[in-house]
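Have a look at the structure below before the remarks.
Every number for a ligand or one of its atoms is a count from 1 in the order of the listing. No experiment lies behind these values; they were computed from the predicted model shown.
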Amino acid sequence: MNDQAQILRNLVQNQGSSEKRNTRVLTVTSGKGGVGKSNFTLNLALALQAKGLKVLIFDADLGMSNIDVLMGMTPQYNLYHLLKRQKTIWDIIQKGPCGIEFISGGSGFNDLISMSEEELDYFTNQVDQLNGYVDFIIFDTGAGLSKETLKFILAAQQTIIVTTPEPTAITDAYALIKMVHSMGHQVSFKLVINRVTDHKEGRQTADKIRLVAEQFLNLSIPALGYVDDDIHVSKAVKQQIPFTIAFPHCGATRSINGIANDFISGQSHLVSGESNTNGVKGFIGKIFRLMQK
Ligand SMILES: Nc1ncnc2c1ncn2[C@@H]1O[C@H](COP(=O)(O)OP(=O)(O)O)[C@@H](O)[C@H]1O
Ligand SMILES: [Mg+2]
């Protein structure tokens, strides 16, 4: 039996036991800014959690954090305190609505141009401790291909690229895929088309990117799903309440719930009896090597 319920059972099989969870790492990114990455990340995390998975959101938009703003929270400690070795990973994990856990990227500071060896050591050791703590760590990155974002994309097991149907967003999404590909990296990309008028617009947008990637890069980039363009998203942002909580029946919430279902179904390859191959350990190993470059 390989239906969604079975996959979900496998994903959470360790819940309640003293055994650790199989932590998987997912990165959400985009070519262009403002396409809805943070809203998508937050609400997907909430939807997955509502289905019984434990999720940690890691805001990796260093210094420009807004996952916390979307929840109306001002965390005392954030990624900055971890990177500066002032706090432990457990000190900077915050609890948001519905118990969702997150790490804020902090605000008002620039990229840490380069981390010292000690800082890097500390960072990777701390993040390593998250192994087994949650089922999914979802990194929300900044837009475009900054050096930091690239590392998160390359180190994660799966990367979701968010775009809207606007030509500028499509072009930038493709440019990002092409750049990662041209650097010789194998990344498992999936597309989410946000702010679609209808299913058809979502499919057409996804097809454009998929076909070009297939033809010119020989890359398969499947669509994970489409999210309605919905005025409730903006309303929820203004209220600083995640839209899936503020408007549980709106179009965008329905889209996210559908994507969460499809996402879980798509994880069957990760639960088919194999113990975790690559979770946080693999992620940390890769990040460590990339940071040293
Ligand atoms: N599905 C949607 N429908 C309508 N508006 C949206 C949707 N997704 C995002 N937006 C709008 O776009 C703005 C930017 O979203 P945000 O998640 O902060 O983008 P990013 O993280 O990519 O910069 C939101 O404040 C909201 O007004
Ligand atoms: Mg954002």
Side-chain angles (χ1 to χ4, degrees), residues 26-47 57-73 75 78-79 96-97 100 102-109 111 138-146 148-149 152-153 159-166 168-177 189-203 205-206 223-260:
L26 173 71
T27 292
V28 177
T29 193
S30 71
K32 191 170 177 288
V35 295
K37 267 184 316 295
S38 298
N39 275 281
F40 173 77
T41 305
L42 173 59
N43 288 286
L44 178 72
L46 284 163
I57 305 169
F58 200 128
D59 193 335
D61 197 352
L62 214 60
M64 308 269 273
S65 175
N66 45 39
I67 289 284
D68 43 4
V69 181
L70 294 177
M71 295 187 278
M73 298 183 63
N78 56 53
L79 196 49
I100 191 84
F102 71 101
I103 290 175
S104 164
S107 57
F109 63 93
D111 289 9
I138 309 185
F139 285 97
D140 178 26
T141 68
L145 215 51
S146 75
E148 270 64 38
T149 297
F152 284 109
I153 294 174
T159 293
I160 292 177
I161 299 194
V162 180
T163 181
T164 68
E166 291 183 349
T168 41
I170 296 176
T171 315
D172 290 358
Y174 180 70
L176 184 140
I177 295 166
F189 282 120
K190 285 218 168 68
L191 277 176
V192 165
I193 317 295
N194 190 26
R195 308 195 68 165
V196 302
T197 337
D198 52 27
H199 193 85
K200 189 174 164 207
E201 188 182 40
R203 188 166 30 88
T205 306
L224 180 59
Y226 322 127
V227 184
D228 284 2
D229 188 23
D230 186 340
I231 186 72
H232 293 98
V233 175
S234 164
K235 282 188 182 161
V237 171
K238 286 176 194 157
Q239 293 177 16
Q240 294 188 282
I241 303 172
F243 65 79
T244 45
I245 295 178
F247 304 106
H249 305 294
C250 76
T253 297
R254 283 201 302 272
S255 310
I256 291 285
N257 285 332
I259 290 177

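Counting heavy atoms from C-beta outward, Asp59 and Leu79 have side chains that stay 4.5 Å or more apart. Inter-residue side-chain proximity for Thr163 and Ile193 is flagged as met; some heavy-atom pair is nearer than 4.5 Å. Looking only at side-chain heavy atoms (C-beta outward), Tyr226 and Asp198 stay at 4.5 Å or farther from each other. Proximity of Glu201 to Asp229: side-chain heavy atoms (C-beta onward) are nowhere separated by under 4.5 Å.
The distance cut-off of 2.8 Å around the Mg ion (ligand 2) captures these protein N, O or S atoms, sorted by chain and number: Ser38 OG.
Using a 4.0 Å cut-off between heavy atoms, Val237 contacts ligand 1 through its side chain alone, with no backbone atom that close. At a heavy-atom distance under 4.0 Å, atoms from both the backbone and the side chain of Asp229 approach ligand 1. For Ala252, no heavy-atom contact with ligand 1 is shorter than 4.0 Å.
No more than 12 heavy atoms of other residues, nucleotides or ligands lie within 6.0 Å of CD in Glu166, so this atom counts as exposed by the packing criterion.
Here the side chain of Thr253 pairs no donor or acceptor atom with the backbone of His249 at under 3.5 angstrom. Using a distance-only test at 3.5 Å, with no hydrogens or angles considered, a donor-acceptor pair links the side chain of Thr141 to the main chain of Val28.
By the 3.5 Å distance cut-off applied to N or O atoms, Asp230 is counted among the residues near ligand 1. For the pair Val233 and ligand 1, the shortest N or O to N or O distance does not fall below 3.5 Å. Below 3.5 Å of separation, one finds an N or O of Gly36 facing an N or O of ligand 1.
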(request) List the steps and the verdict of side chain to side chain contact (heavy atoms under 4.5 Å, CB included) for Val233 and Phe247. (result) CA-CA 9 Å; Val233 175; Phe247 304 106; over 6 Å; no
(message) Pair Thr29, Ile160 - check side chain to side chain contact (heavy atoms under 4.5 Å, CB included), show working.
(response) CA-CA 6 Å; Thr29 193; Ile160 292 177; over 6 Å; no
(request) Go through the steps for Leu70 and Val237 under the test side chain to side chain contact (heavy atoms under 4.5 Å, CB included), then give the verdict. (result) CA-CA 6 Å; Leu70 294 177; Val237 171; 3.9 Å; yes
Could you tabulate the donor-acceptor pairs under 3.5 Å formed by side-chain atoms of residues 33-47, not counting sequence neighbours?
unit_1, atom_1, unit_2, atom_2, d
Lys37, NZ, Ser30, OG, 2.9
Ser38, OG, Asn66, OD1, 2.9
Ser38, OG, Asp140, OD2, 2.6
Thr41, OG1, Lys37, O, 2.8
Asn43, OD1, Phe243, N, 3.3
Asn43, OD1, Thr244, N, 3.0
Asn43, OD1, Thr244, OG1, 2.6
Asn43, ND2, Asn39, O, 2.7

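Using 4.0 Å as the threshold, Ser30 has no heavy atom nearer than that to any atom of ligand 1. Assignment of Asp228 to the shell around ligand 1 is supported, since a heavy atom sits closer than 4.0 Å.
Protein heavy atom in closest approach to atom 11 (C) of ligand 1: Arg195 NH1, 3.6 Å. Counting only heavy atoms of the protein, atom 20 (P) of ligand 1 lies nearest to Lys37 N, 3.5 Å. Of the protein's non-hydrogen atoms, Ser234 CB, 3.8 Å is the one closest to atom 27 (O) of ligand 1.
Atom 8 (N) of ligand 1 has its nearest heavy-atom neighbour, among Thr163, Thr141, Asn194, in Asn194.
Taking every heavy atom of Gly34 and a limit of under 4.0 angstrom, the matching atoms of ligand 1 come to 14 (C), 19 (O), 20 (P), 22 (O), 23 (O). Close approach of ligand 1 to Asn39 is summarised as follows: ligand atoms under 4.0 Å from at least one heavy atom of the residue are 15 (O), 16 (P), 17 (O), 18 (O), 24 (C).
In this structure, atom 2 (C) of ligand 1 has protein heavy atoms in its sub-4.0 angstrom surroundings.
Scanning all heavy atoms of the two residues, the minimum distance from Thr164 to Ile170 falls at O-CG1, 3.6 Å. Asp68 and Pro75 make their closest contact through OD2-CD, 3.4 Å (heavy atoms, listed as atom of the first residue, atom of the second, distance).
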